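Model, not experiment: these values are computed from the prediction.
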Amino acid sequence: MSAPDVLVRGLSVRLGRREALSGLELAFRPGELGVVVGPNGAGKTTLLRAIAGLVPLAAGSVALGDEPVGRMSRAARARRIAYLPQIGGMSWPLAVRDVVALGRLPHGEAPDRLSPDGALAVAAAIAAVGLAGFEARPVTELSGGERARALLARALATEAPVLLVDEPVAALDPRHQLLVLDVLRHRARAGAVVIAVMHDLALASRFSDRIVLLDRGRAVAAGAPEAVLTAGRLEAVFGIEAVVSSGADGLAITARRALPAVEGH
């Protein structure tokens, strides 16, 4: 698997009267797990949706290499960018295998008409998220965490060179948080561009190669976790007093107290 860089240039997005993103200049590279962090309302989900071509841009551009996302056909975009939004409800009792096989639709494959490569992709995705043995189980009978992993497997089965995931570990227990983040990092190491939105700063620092810190629609910092997640930035952006120290498993971040609210936060 190989992927072009994801290039965000001068990106601004308006949602109604509100400027959700303003003047972003970012680059996400294949082989790296990029994580976007920031307080509620910072524009994290909007950034993923803009990269996926799902919201109109007020200014700027998003491109895969030299190809603007906005000029791609819907079908081509679906093959090249897999987007997993924050988990919603699933009301149809489809079998896990059939849900995961929906990830092959951009390739013209239906769940009951998978190509040999498609069947391999579906099986590999199910195994990667730890759901082997669950293939025939209806998704409506799964726990919230199991359902979240089934939906991640659907995105993985697309085998798109760009994978966007919004809060992929929010519904998971600690063991499966680590499993999913290992899966995302492995997908990046295989040559994909992987961009995740996360709230857990310690986990983000442990698994990410690059962190983008957003605040009120602007990029405050981007780079290695230890360079971005400083005590000063945590105070300025999140409004917390924190102690940050480096260790073998990433940063240890201890929030000591919430600071008084400041105007605009």
Contacts of type side-chain contact (heavy atoms from CB on, under 4.5 Å), residue Ala20, not counting sequence neighbours: Leu15, Arg18, Thr46
Heavy-atom side-chain proximity of Leu164 to Leu84 below 4.5 angstrom: no
Criterion side-chain contact (heavy atoms from CB on, under 4.5 Å) on Leu47 and Leu214, from CA distance to verdict: CA-CA 10 Å; Leu47 174 58; Leu214 295 184; 4.3 Å; yes
Closest approach of Val13 to Pro56 (non-hydrogen atoms, all atoms of both residues): CG1-O, 3.9 Å
Flag side-chain contact, heavy atom, 4.5 Å: Ser61 against Pro68: no
Output side-chain donor-acceptor pairs under 3.5 Å for residues 122-144, partner residues at least two apart or in another chain, one line each.
residue	atom	partner	partner atom	Å
Glu135	OE1	Gly133	N	2.8
Ser143	OG	Glu146	N	3.1
Ser143	OG	Glu146	OE1	3.4

Residues which pass side chain to side chain donor-acceptor pair (under 3.5 Å) with Arg79, listed by chain and number, not counting sequence neighbours: none
Set of salt bridge (Lys or Arg N to Asp or Glu O under 4.0 Å) partners for Arg233, sequence neighbours left out: none
Cut-off 3.5 Å, no hydrogens considered: what does the side-chain donor-acceptor table look like for residues 188-205, sequence neighbours left out?
residue	atom	partner	partner atom	Å
Arg189	NH1	Gly31	O	3.0
Arg189	NH1	Asp209	OD2	2.9
Arg189	NH2	Asp209	OD1	3.0
His199	ND1	Glu167	OE2	2.4
His199	NE2	Asn40	OD1	3.3
Asp200	OD1	Ala202	N	3.2
Asp200	OD1	Leu203	N	2.9
Ser205	OG	Ala202	O	2.8
Ser205	OG	Leu251	N	3.1

Exercise: identify the closest heavy-atom pair between Asp215 and Pro39: OD1-CG, 3.7 Å
Side-chain polar contacts of residues 103-113 - donor-acceptor pairs under 3.5 angstrom, sequence neighbours left out - could you list them?
residue	atom	partner	partner atom	Å
Arg104	NH1	Ala157	O	2.9
Arg104	NH1	Glu159	OE1	3.1
Arg104	NH2	Glu109	OE2	3.4
His107	NE2	Thr158	O	2.8
Glu109	OE1	Ser115	N	3.2
Glu109	OE1	Ser115	OG	3.3
Glu109	OE2	Ser115	OG	2.9

Gap separating the NE2 atom of His186 from the CG atom of Leu181, nearest 0.5 angstrom: 14.5 Å
Spatial distance of atom CZ (Arg187) from atom CG (Leu152) [nearest 0.5 Å]: 9.0 Å
Closest non-hydrogen atom pair, Gln177 against Val169: NE2-O, 3.3 Å
Ala82 versus Ala160, closest heavy-atom pair with distance: N-CB, 3.6 Å
Pair up each side-chain donor or acceptor in residues 237-245 with any protein partner under 3.5 Å, not counting sequence neighbours, and list the distances.
residue	atom	partner	partner atom	Å
Glu241	OE1	Arg257	NE	3.1
Glu241	OE1	Arg257	NH2	3.4

Inter- and intrachain pairs under salt bridge (Lys or Arg N to Asp or Glu O under 4.0 Å), touching residues 20-44, at least two apart: Asp5-Arg29, Arg9-Glu25
For Arg49, side-chain contact (heavy atoms from CB on, under 4.5 Å) partners two or more places apart: Thr45, Leu54, Val55, Tyr83
Sub-4.5 Å side-chain heavy-atom contact between Val162 and Leu64: yes
By side-chain contact (heavy atoms from CB on, under 4.5 Å) - contacts of Ala58 (at least two apart): Ser12, Arg14
Leu33 backbone acceptor or donor facing Arg185 side chain under 3.5 Å: no
Leu163 versus Ala155, closest heavy-atom pair with distance: CD1-CB, 3.9 Å
CA sep, side-chain torsions, deciding dist, call: Val69, Ile51, side-chain contact (heavy atoms from CB on, under 4.5 Å): CA-CA 7 Å; Val69 170; Ile51 292 172; 5.7 Å; no
Stepwise side-chain contact (heavy atoms from CB on, under 4.5 Å) check, Asp182 with Val180: CA-CA 5 Å; Asp182 271 331; Val180 164; over 6 Å; no
Residues which pass salt bridge (Lys or Arg N to Asp or Glu O under 4.0 Å) with Asp117, listed by chain and number, not counting sequence neighbours: none
Leu234 and Thr230, any side-chain heavy atoms less than 4.5 Å apart: no
Shared hydrophobic cluster, Leu7 / Ile211 (ILVMFWY, side-chain heavy atoms < 4.5 Å): no
Student check: side-chain heavy atoms of Val99 and Val96 closer than 4.5 Å: no
Residue pair Arg210 / Val36, side-chain heavy-atom distance below 4.5 Å: no
Non-hydrogen side-chain atoms of Val212 and Val220 separated by less than 4.5 Å: no
Shortest non-hydrogen contact between Ala219 and Leu24, atoms and distance: N-CD2, 3.4 Å
Side chains of Arg97 and Leu114 in contact at under 4.5 Å (non-hydrogen atoms): yes
Residues forming a side-chain contact (heavy atoms from CB on, under 4.5 Å) with Arg218, sequence neighbours excluded: Ser22
